[in-house]
Amino acid sequence: MKYNIPRGTFDILPQTSYKWQFVMDSFRKIAASFGYKEITTPIFESADLFERSSGESSDVVQKEMYRFTDRKGREFALRPEGTAPVVRSYVENHLDVLSSRTKLFYIGPMFRYDRPQAGRFRQFYQYGIEAIGSNNPYYDAEVIALEMLWLNSLGLQNIRLELNSVGCPTCSAAYDEALRDFYRPQLPQLCPDCQKRFEQKPRRLLDCKVASCKALRQGAPSQLDYLDQPCAEHFAQVQAHLQAMNIPFTLNPGIVRGLDYYSHTAFEFIYEGLGAQNSLAGGGRYNGLIEQIGGKSIPAIGFAGGFERLLLALENEHIDFATCPKPQVYLICLGETARTAILPYLNSLRLWGIAIDFDPDKSSLKAQFKTADTVGARYALIVGDSEIEAKQLNLKDLQSGMQITLPLDNGQALQQFIAQNK
RNA sequence: GUGGGUGUAGUUCAAUGGCAGAGCACCGGAUUGUGGUUCCGGGCGUUGUGGGUUCGACUCCCAUCACCCACCCCA
């Protein structure tokens, strides 16, 4: 029987795993430098957690969740997103009593049953930031700055930050009504999808790609005109902070988050050149979520980004961001006696932290040298029966061709030589 | 869930309905003690799978599966 990997999933193979490690490590560093600490939650949770937080009508809940029932009949789901589990953990573990604000980040796989395409998978890897405990617009700007500065530092310069405010539940509802009032007369001319949007999420009408719907959009009311005083003030402050930080942004009243729990600030990081899925990261404020999940009324803001899309973007820009690790030394053995006698020395070298490779199935000198070249080793360590007898080793620099003789000690001489000739 | 495209060697790709091939990679060899270049040698692959048409199918038809791309939506 031959098996296939499940649809929409992928193996991270050794020829690319170092790139994944690099971007994950890099994200951990930037998050730490902004004062965020890592949290890891299970990859499955009560299905109810996602249904309640994301919203029953959201696509994620309606058609994209991997749900299953366990042996005792409990309903679980593979997590489709990272914020609800983090908030669940925050509430469950009373993280709020430790500090007035809690700065968290996470890295891990998410799952959505979707048709795969460029930059979209059924199991995909996200990084996320959550700043919980404050409604200060500074934090909106801080999490945005973290992402923008990080992407820039990786070498991605042409990133577009699109910013919007979806208001609080009160002014958000007022805006939805205004939109319906605007569209109601032309309802019959809208595309079938938009007819549904009219009922469920009127603001989705604004980014329909059908030409006829685009035309009908002329003169539609803007969310920004419907923000109440506190929401407008908050949004102005967010923009002021971003300007002070020199983070460029464009206002896009069409930014709508897919999950119900968002309020106030909403934003997306766009990179053109990924195919149809051009959003590298997205997020926003979710001041009502913690109370909804059973905690106190605590404000928070965060975002999540996709590693697959980030790697695609780096690839697309031909950015040489990480190099494949290579062994420093390749061991070349001649003769059966030497092959066994060298083993304690080989172990010592590895304990000294020297990356050393060896292929016992290669016998000829030529084949072993070739392998040393293909694995990219800097040095070849050559040992035969005569060297063992003389308690000596030959070390050849494969770049310069120079060869020296070292004592067959506990590995220290070689370790020192490599340290001095970096 | 809907639509379009593609399936041939490890890989990238060839092959009017008439004997399934090449580049790259990989392995071996050119006096088992000094590499990269060069030269020589090494390939029977269920042509994704199952049917059908035909004297004959990689090629045409049907079904199916997988992958890619797009819609919806999102990271």
Side-chain angles (χ1 to χ4, degrees), chain A residues 2-10 13 15 54 57-64 79-83 106-129 147 191-194 196-197 200-201 204 207-210 255-259 268-271 274-283 302-313 330 332-336 338-339 359 361-387 394-403:
Chain A
K2 206 174 169 185
Y3 293 100
N4 291 100
I5 194 168
R7 172 155 226 204
T9 67
F10 54 91
L13 298 171
Q15 39 294 27
S54 298
S57 70
S58 67
D59 276 25
V60 164
V61 169
Q62 282 204 328
K63 53 179 194 183
E64 294 174 6
R79 61 183 183 195
E81 61 103 18
T83 299
Y106 61 85
I107 286 176
M110 305 294 162
F111 305 83
R112 289 183 202 170
Y113 189 90
D114 226 354
R115 197 81 171 262
Q117 68 185 72
R120 192 171 67 192
F121 303 90
R122 289 186 172 176
Q123 174 171 343
F124 54 101
Y125 295 81
Q126 281 193 336
Y127 55 91
I129 286 280
E147 173 72 355
C191 71
D193 282 336
C194 279
K196 264 181 255 162
R197 294 181 177 118
Q200 296 185 339
K201 286 205 175 119
R204 284 256 180 253
D207 56 14
C208 180
K209 286 164 191 164
V210 176
I255 294 272
V256 185
R257 306 266 72 226
L259 309 177
E268 240 171 81
F269 288 84
I270 307 292
Y271 171 78
L274 293 180
Q277 312 304 323
N278 59 6
S279 175
L280 278 181
F303 72 87
F307 280 112
E308 295 82 6
R309 293 180 187 181
L310 174 61
L311 289 167
L312 275 175
Y330 187 85
I332 291 176
C333 269
L334 289 159
E336 287 308 311
R339 182 158 296 174
D359 182 353
D361 290 317
K362 298 251 166 44
S363 55
S364 79
L365 189 64
K366 185 181 186 82
Q368 294 190 77
F369 264 110
K370 274 194 172 177
T371 307
D373 288 326
T374 52
V375 301
R378 170 71 193 277
Y379 299 101
L381 184 65
I382 306 147
V383 55
D385 295 351
S386 54
E387 280 81 1
N394 295 316
L395 185 73
K396 182 168 185 175
D397 185 329
L398 292 172
Q399 284 171 20
S400 66
M402 299 283 282
Q403 187 165 311

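Everything numeric in this text was worked out from a predicted model, so none of it was measured.
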>> Ignoring hydrogens and geometry beyond distance, is the side chain of A/Arg309 in donor-acceptor contact with the base of B/C74 at under 3.5 Å?
In response: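 Indeed there is one.
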>> Suppose we call a contact any N or O donor and acceptor under 3.5 Å apart; does that hold for the side chain of A/Arg120 and the base of B/C73?
In response: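 Checked by distance alone, the answer is yes.
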> Taking all atoms of both residues into account, what is the closest heavy-atom pair of A/Met110 and A/Glu81, and its distance?
Replying inline: SD-C, 3.6 Å
Hey, does [X] reach any base, or is it just sugar-phosphate, or nothing, if we go heavy atoms under 4.0 Å?
{"X": "A/Gly128", "answer": "nothing"}
{"X": "A/Ala372", "answer": "nothing"}
{"X": "A/Leu310", "answer": "nothing"}
{"X": "A/Tyr125", "answer": "nothing"}
{"X": "A/Arg112", "answer": "base"}

Protein-nucleotide distance ([X], atom [atom1]; [N], atom [atom2]), rounded to Å:
{"X": "A/Phe303", "N": "B/C74", "atom1": "CZ", "atom2": "P", "answer": "18 Å"}
{"X": "A/Arg122", "N": "B/C73", "atom1": "CZ", "atom2": "P", "answer": "18 Å"}
{"X": "A/Asp59", "N": "B/C74", "atom1": "CG", "atom2": "P", "answer": "6 Å"}
{"X": "A/Gln126", "N": "B/C74", "atom1": "CD", "atom2": "C1'", "answer": "9 Å"}
{"X": "A/Leu13", "N": "B/U11", "atom1": "CG", "atom2": "P", "answer": "12 Å"}
{"X": "A/Phe111", "N": "B/A75", "atom1": "CZ", "atom2": "P", "answer": "16 Å"}
{"X": "A/Gln117", "N": "B/C68", "atom1": "CD", "atom2": "C1'", "answer": "10 Å"}
{"X": "A/Phe124", "N": "B/C73", "atom1": "CZ", "atom2": "C1'", "answer": "11 Å"}

>> Any side-chain N or O of A/Arg115 below 4.0 angstrom from OP1/OP2 of B/C67?
In response: no
> Closer than 4.0 Å, any side-chain N/O of A/Arg197 to the OP1 or OP2 of B/C73?
Replying inline: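 Indeed, a polar side-chain atom of A/Arg197 lies that close.
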Counting only Watson-Crick pairs (N1-N3 plus N6-O4 or O6-N4) and G-U wobbles (N1-O2, O6-N3), all under 3.5 Å, who is the partner of [N]?
{"N": "B/U64", "result": "B/G48"}
{"N": "B/A9", "result": "none"}
{"N": "B/C26", "result": "B/G42"}
{"N": "B/G18", "result": "B/C55"}
{"N": "B/C74", "result": "none"}

Between [N] and [M], how far is it from one [atom1] atom to the other, in whole Å?
{"N": "B/G52", "M": "B/A57", "atom1": "P", "result": "12 Å"}
{"N": "B/C60", "M": "B/G7", "atom1": "P", "result": "10 Å"}
{"N": "B/A30", "M": "B/C13", "atom1": "P", "result": "36 Å"}

Please examine the side chains of [Y] and [X], heavy atoms only from C-beta on, and report whether any two atoms are closer than 4.5 Å.
{"X": "A/Lys63", "Y": "A/Tyr113", "answer": "no"}
{"X": "A/Asp359", "Y": "A/Tyr330", "answer": "yes"}
{"X": "A/Asp114", "Y": "A/Asp59", "answer": "no"}
{"X": "A/Tyr106", "Y": "A/Thr83", "answer": "yes"}
{"X": "A/Tyr271", "Y": "A/Arg309", "answer": "no"}

> Under 30°, 30 to 60°, or over 60°: which ring-plane class applies to A/Phe269 and A/Phe303, parallel, tilted or perpendicular?
Replying inline: tilted
>> Test side-chain contact (heavy atoms from CB on, under 4.5 Å) on A/Phe369 and A/Leu398; report intermediate values, then the result.
In response: CA-CA 9 Å; A/Phe369 264 110; A/Leu398 292 172; 4.0 Å; yes
> Of A/Pro116 and A/Glu64, whose nearest nucleotide on RNA chain B comes first from the 5' end?
Replying inline: A/Pro116
> Does A/Pro6 or A/Ser279 map to a spot on RNA chain B nearer the 5' end, using the closest nucleotide for each?
Replying inline: A/Pro6
> A/Asn278 has a side chain; which of B/C71, B/C74, B/A75 sits nearest to it?
Replying inline: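 It is B/C74.
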>> Across nucleotides 27-35 of chain B, 5' to 3', mark each nucleotide with B, S or - according to how protein heavy atoms within less than 4.0 Å reach it.
In response: S--B--BBB
> Counting only N and O atoms by type, is there a donor-acceptor contact under 3.5 Å from the side chain of A/Gln277 to the main-chain atoms of A/Ala118?
Replying inline: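 Here the side-chain-to-backbone pair does not exist.
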